[in-house]
Structure formats: C-alpha cells, structure tokens
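This structure is a prediction, so every number in the text was calculated from the model and none was measured. Chain identifiers are assigned alphabetically (A, B, ...) following the order of the sequence lines, protein sequences preceding nucleic acid strands; residue numbering begins at 1 within each chain.
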Protein chains: 2
Amino acid sequence: MNNVQEESPRDQKKNRRRLQILEIARGIIAAKGLRSLKVRDVAEAAGCSVGSVYNEFGDFDGVILTVNRETVQALTDRLRGVSDEDPVRQLYGLAETYLEFFSEHANLLRSLFEHRMEDDRPYPDDILQMVMDAFALMHPPLVRLLPDADDVKIALLSRTLFSAVHGIISLGLEERMVAVPPQLLRQQVEQFLDAHLVGLGILPRR
Amino acid sequence: MNNVQEESPRDQKKNRRRLQILEIARGIIAAKGLRSLKVRDVAEAAGCSVGSVYNEFGDFDGVILTVNRETVQALTDRLRGVSDEDPVRQLYGLAETYLEFFSEHANLLRSLFEHRMEDDRPYPDDILQMVMDAFALMHPPLVRLLPDADDVKIALLSRTLFSAVHGIISLGLEERMVAVPPQLLRQQVEQFLDAHLVGLGILPRR
DNA sequence: CTTGAAAATGAACAATGTTCAAGAAGAATC
DNA sequence: GATTCTTCTTGAACATTGTTCATTTTCAAG
C-alpha cells in the first residue's frame with residue numbers, strides 16, 4: 001500500500017502560498033507586534049486576495065494561532081537542543097536558552113502568551129499542550145537530581161520553576177516596564193536558579 | 001490663599017459620568033475580557049454618546065489605561081495591607097495576597113499586563129512606575145532579612161522574586177493552559193517561596 | 001475539448017474605532 | 001432676565017479592519 005500522496009501542482013502552489021502567508025504574518029508580528037497584523041497587509045504582501053487567506057486559515061485567528069503553534073514548536077526544538085549531560089547544567093541551559101529565544105523573538109512569544117480568542121472560543125488544545133510540554137522539559141534533569149522525590153511532585157516543580165523563569169524573563173524584557181539590560185537579566189536568572197537549587201538541596205550552600 | 005476649587009454642577013456631572021464610564025468598562029473587562037470591550041457598549045450602558053467617551057478620555061486606549069491604572073492602584077493598596085510585623089511572614093503574605101487579588105480580578109490583571117498600545121505609542125510611564133513600585137514591596141522585608149546585603153542587589157532581588165511569583169500565578173491561573181486548582185496553586189507558591197528562602201539563607205534547611 | 005470540482009477573487013457587508021459640524025447647556029456679563 | 005460667550009454633548013458620517021459569498025478562474029479528469 002502506497003500512502004505517499006503525490007503532490008499535484010495545484011497543491012504545491014497552495015502549500016507554497018500557505019507558507020508564504022505564514023512567513024509574512026510572522027514577520028509582521030515579530031517586527032511590529034500582534035496588534036499591527038492586518039489581513040489586508042498580509043494578503044497584499046502575499047500577492048493574493050483576502051478571501052484566499054480566509055480560504056486557507058478559516059479566520060484571522062487561524063493565521064495567528066498557526067504562527068503561535070510554530071513559535072512554540074521552534075522554542076521546543078531549541079530547548080531540546082540543550083545538553084543533558086549534566087542535569088544541573090541542563091537546568092541552567094534551559095533557562096538561558098529560554099532567555100535567548102525570548103530576546104530574539106519577543107513579539108512572537110508575546111503573541112503566544114497574550115493572544116486571546118474572540119468571544120469565549122477556547123484556545124486550541126494542541127498549542128496549550130505544546131507549551132506545557134515545553135515547560136515540562138525541566139522534568140528529566142530534576143528527576144535525576146531528586147531521585148527520591150515523588151514523580152508528580154517533580155512534574156509540578158518543573159512547571160513551577162519554568163513558570164518562575166518565564167515571569168522573570170517576560171517582565172525583564174518588557175520594555176514597557178523599566179527595561180533590564182540583557183546582560184543583567186541573564187545574571188538575574190542565573191542567581192535566581194542558584195538560590196533556588198540551593199533551596200532544593202541540589203546545590204550546596206556556598 | 002484658598003486652593004480648594006469649588007466643584008461646579010457641571011463638573012459634578014462630568015465627574016459622575018467619568019466614574020460611571022470607568023465602572024462600566026471595568027465591569028466588562030472583568031467579566032468578559034479586554035477583547036470584549038467596545039466603545040458603543042460602554043456609551044450605551046453609561047447613557048451617553050460615544051463622543052462623550054472620547055471627550056472624556058481622548059481615545060479608547062485612554063479608558064483602558066485608566067482602568068489599568070486603578071487596577072494597579074487597588075493591587076498596591078491590598079499589598080500594602082499585608083502585615084509587616086514579621087518579615088518572613090510578610091513575604092509569604094505578599095505572594096498570597098497577590099494570588100488572591102489575581103484570582104479575584106484575573107481579567108483586570110491580564111488587561112494590565114497584556115494591553116499593547118496602537119502603533120508605537122509608549123505605555124504611560126506612571127502606570128509602569130506603579131507596577132514597579134508594587135513589585136518593590138518585597139524590598140523592605142528583604143532588607144530586614146538580609147541586613148548585610150547591598151541595597152541595589154536587594155532591589156533587584158525583590159523584582160526578581162516578585163516577577164517569579166507573578167509568572168507562577170499568571171500561568172497557573174491561565175485557564176487556557178492546563179488550569180491548576182486554586183488550592184494547589186497556593187501550595188505551589190508557598191513551596192516555591194520555601195525553597196527560595198532556604199536558598200537565600202533566610203530560612204533554615206528543613 | 002468538455003466538464004465538474006476546487007480555488008481565487010474582490011466587492012459588499014459588518015463591526016468597531018474616530019472625527020467633527022451643529023446644537024444644547026451652562027456660565028458670565030450687563 | 002436677556003444676551004453673549006464658552007464648553008460640553010450629540011450622533012451621523014467616516015475610517016479601518018475582519019468576514020462573507022456570488023462570480024469567475026483554474027485545472028485535472030474524462
């Protein structure tokens with residue numbers, strides 16, 4: 001049985017344009033923020049009609065959500081690239097990588113965390129799951145470092161720790177708030193982890 | 001010299017309506033989120049024309065920003081009410097009070113942290129300052145607990161700690177993400193503080 | 001080539017923020 | 001109290017932007 005679908009020229013064109021629309025939307029969000037994203041701008045830049053955008057994504061939220069989905073995917077890929085050789089280093093690496101990624105793609109991350117659906121439509125489950133999975137990446141190193149602890153507790157701890165790091169970074173990079181210089185922020189995150197890992201008994205008191 | 005401006009009947013009416021508009025806007029944001037706030041709804045509920053809303057607040061962002069200003073003011077008031085008798089208890093109290101306030105006014109807090117201005121207009125400085133001041137409320141108890149530490153470092157630590165707590169709470173209450181049960185979240189925040197204060201040498205290792 | 005299905009189009013519509021000329025209301029002056 | 005001046009209020013009109021859909025175009029299959 002051959003499951004490989006041949007891609008007709010028509011589908012190729014369709015896919016090419018789908019990617020193009022996403023690329024353009026991502027570019028606008030990254031450059032000028034989610035609030036500056038307009039259907040007509042995207043359609044014009046992609047050389048198609050607004051109807052085609054709707055045809056491809058259902059509604060405008062569909063475009064945003066697809067960009068967000070790809071953002072969290074890219075984030076996860078980056079976080080998975082952190083070396084797991086030494087579990088302590090891995091924790092620092094995850095936090096620092098998150099900081100790097102957030103610095104490089106601040107507006108995309110904000111779109112991911114701040115976008116609200118119209119009315120009371122639910123946020124897509126798969127994206128939420130992907131975010132939770134990303135935040136669970138501290139789980140394996142924590143398990144290694146706290147072998148006697150309950151696995152459920154570690155899962156909770158992983159989310160808590162990553163959420164804390166997220167708070168420090170997202171507010172630290174918020175240029176609206178008194179902006180923290182990047183180098184200082186990195187140091188801030190490190191010292192935060194220092195203290196916390198000492199508190200968890202993972203690192204010795206200095 | 002008498003600096004007290006008599007309030008003319010006209011001003012009274014104006015002020016009454018200003019307050020009414022804010023009350024209505026706050027109610028809508030709190031109940032259905034910032035994205036559901038519409039000028040016409042506010043004007044109709046306040047029994048005036050849309051023009052009057054603009055006359056009073058300049059533009060629609062003006063309404064939102066005023067609500068946000070009052071939100072952070074209310075938050076600060078609540079946080080200032082935390083007892084400063086015991087500095088350790090004060091830190092826990094600040095975190096728990098923040099959790100309480102966030103639970104009760106989740107949509108208002110989200111409006112404060114997530115609202116972006118049109119184009120590239122800057123977010124009002126006074127609001128940013130108020131948020132930073134609120135986050136600095138951990139400073140005094142930390143100074144008492146770490147009398148030998150550099151004051152600038154403590155200021156940074158205060159912001160970091162509060163930002164971390166903010167991250168844990170805002171993501172924990174995010175019903176979009178896998179919602180954490182309130183009681184569990186409270187425990188989560190407490191355990192987070194436990195570990196961190198141990199790490200800072202403020203609490204003894206248990 | 002014909003034909004039927006799928007996609008693309010863009011004008012029209014709908015929702016919503018914004019402006020402003022005209023009128024109403026109130027204060028100031030006599 | 002009448003007149004005049006200032007200020008506020010109004011809401012229709014406009015501007016922007018998301019959404020729909022009847023029509024046209026495209027193109028693969030027969």
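- Ionic pairing of Glu118(A) and Arg35(B) is present here: one or more N-O contacts between side-chain nitrogen and carboxylate oxygen are shorter than 4.0 angstrom.
- Here the P atom of nucleotide dA21(C) and the OH atom of Tyr54(B) are 17 Å apart, to the nearest Å.
- Side chains of Phe162(B) and Leu79(B) form a contact here, defined as non-hydrogen atoms less than 4.5 Å apart.
- Listed candidates were dT10(D), dT9(C), dG18(D). Nearest to the side chain of Phe60(A) is dG18(D).
- At a threshold of 4.0 angstrom between heavy atoms, the contacts of Arg17(A) are confined to the sugar-phosphate backbone, with no base atom among them.
- Checking the phosphate oxygens (OP1, OP2) of dA7(C), no side-chain nitrogen or oxygen of Asn55(A) falls inside 4.0 Å.
- Residue Arg40(A) places no side-chain N or O under 4.0 Å from the OP1 or OP2 atom of dA15(D).
- In this structure, of dT10(D), dT19(C), dG17(C), it is dT10(D) that holds the atom nearest to the side chain of Cys48(B).
- Of all nucleotides listed (dG17(C), dT18(C), dG18(D)), dG17(C) comes nearest to the side chain of Val39(B).
- A salt bridge does not link Asp133(A) to Arg80(A): none of the charged nitrogens lies less than 4.0 Å from a carboxylate oxygen.
- Rounded to a whole Å, the CG atom of Asp61(B) is 17 Å from the P atom of dT16(D).
- A donor-acceptor pair under 3.5 Å links the side-chain atoms of Asn68(A) to the main chain of Ser111(A), judged by distance alone.
- When the C1' atom of dT17(D) is taken as reference, atom CG of Asp59(A) falls 14 Å away, rounded to whole Å.
- The side chain of Lys38(A) has dT17(D) as its nearest neighbour among dA11(C), dT17(D), dT19(C).
- Residue Ser49(A) has no polar side-chain atom (N or O) positioned under 4.0 Å from OP1 or OP2 of dA8(C).
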